[in-house]
Amino acid sequence: MPELLEVEYYRRLAERTVGRRIASVDAPDAWYLQQGLDAAQLEAVLAGAVVAGTRRRGKLLVLDLDGAPPLGLRFGMTGRLVVDGEAAIERLEYASARHEPGWERFRVRFEDGGSLVMVDPRRLGGVSLDPDVAQLGPEATTLTPSGLRRVLERSQAPLKARLLDQARLAGLGNLLADEILWRARLAPTRAAGGLDESELRRLHRVLRSTLRELDGRGGSHTGDLFVARRNGGLCPRCENGLARDQVGGRTTYWCPAEQR
DNA sequence: ATTGTGGCCTGCCCGC
DNA sequence: TGCGGGCAGGCCACAA
């Protein structure tokens, strides 16, 4: 599913639209439009605008426009981005690799004939105007040690739940959170505020290095723990059986023998 | 305020 | 072989 790594790949692809003028918008699925927008409003606002740049905060992709408010794109779990017929990612975990025309939820057509399309079978993503980036926590890829402390301090919530809270820390999804906690040898069920200084430092170091490494490998499904995320899966390090629990409302695979 | 839960969406996988 | 019940998780509304 698109976590921050995948959305960053989407952003890089979307860079191709910079400098291009929007001719029209197809928004066939009203459910996909946030803020009560409808297709006609969106078309009226966006037509004629020129893409000035792209940015990303966590899992939110933003197109900055000349002549219109910024356009916010959320991809949910199964949303993919296609620009000029080319997909940023061929296949998403937990989503179909097919590209049915009926799954195209939103399309921006440019005057040069190309287009930017969101393909989302499950319709969990959405499109907004002038998205409120301030509601998101700090960006995970550039998080500082003191930033991580602020994310976790004085919280009784499970460590993993806090890492997934986009208002506290932007970008991590279920797979990345499990991979990071496994690498840091920290139990997802620990109280977030209960980490000592050395654990905080370890978590920060692992968080940053894991994001960097998996970015190079190709996405949030390329972690070392990923292949073991199944019933009967064994810890890739110690080969003890992994636990499968609900933590923070998400299916969590972890190694009780190593993660403390 | 903090934390937890359930529902939304729908393709796909597994077991019968 | 076909069928149907779970399952997947990002996000939001709502409850305690």
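Reminder, nothing fancy here: chain letters follow the sequence lines and each chain counts from 1. Note that the structure is a prediction, hence the values are computed from the model and not measured.
One interatomic measurement links the two molecules: CD of A/Q135 to P of C/dC11, which rounds to 12 Å at whole-angstrom precision. When the P atom of C/dG10 is taken as reference, atom CD of A/E3 falls 5 Å away, rounded to whole Å. In this structure, A/K160 places its NZ atom 13 Å from C1' of C/dG10, rounding to the nearest Å. Look at CZ on A/R250: it is 11 Å from P on C/dA8, rounded to the nearest Å. Protein atom CG of A/L172 is 10 Å distant from nucleotide atom P of C/dG10, rounded to whole Å. Note: NZ (A/K59) to P (C/dG10) measures 4 Å, nearest angstrom. Rounded to whole Å, atom C1' of C/dC11 lies 11 Å from atom CG of A/L136. Atom CZ in A/R230 sits roughly 14 Å away from atom P in C/dA8 (whole-Å rounding).
Listed nucleotides: B/dT3, C/dG10, C/dC11. Nearest to the side chain of A/R74: C/dC11. When the nucleotides B/dG4, C/dG10, C/dC12 are ranked by their closest atom to the side chain of A/M77, C/dG10 comes out on top.
Hydrophobic clustering (ILVMFWY, side-chain heavy atoms < 4.5 Å, transitive): A/L60 and A/L124 are in distinct clusters.
A/R201 CZ: 12 or fewer foreign heavy atoms inside a 6.0 Å radius.
Side-chain N/O atoms of A/R162 include one lying less than 4.0 angstrom from OP1 or OP2 on B/dT3. Contact annotation: A/R123 side-chain N/O to B/dT10 OP1/OP2 distance is under 4.0 Å. Side-chain N/O atoms of A/W31 include none lying less than 4.0 angstrom from OP1 or OP2 on B/dC8. At the phosphate of C/dC11, neither OP1 nor OP2 sits under 4.0 Å from any side-chain N or O atom of A/R122. Applying the 4.0 Å criterion to OP1 and OP2 of C/dC7, one finds that A/T251 has every side-chain N and O outside that range.
Heavy atoms of A/R168 sit under 4.0 angstrom from primed sugar atoms or phosphate atoms, though from no base atom. Using a 4.0 Å heavy-atom cutoff across all strands shown, A/R229 reaches sugar-phosphate atoms only and no base atom.
Proximity of a side-chain donor or acceptor of A/E199 to a complementary backbone N or O of A/D196 within less than 3.5 Å is detected. For A/Y32 (side chain) and A/E104 (main-chain N/O), no donor-acceptor pair under 3.5 Å exists by modelled atom type. Without hydrogens or angle criteria, A/E239 side chain to A/L234 main chain gives no donor-acceptor distance under 3.5 Å.
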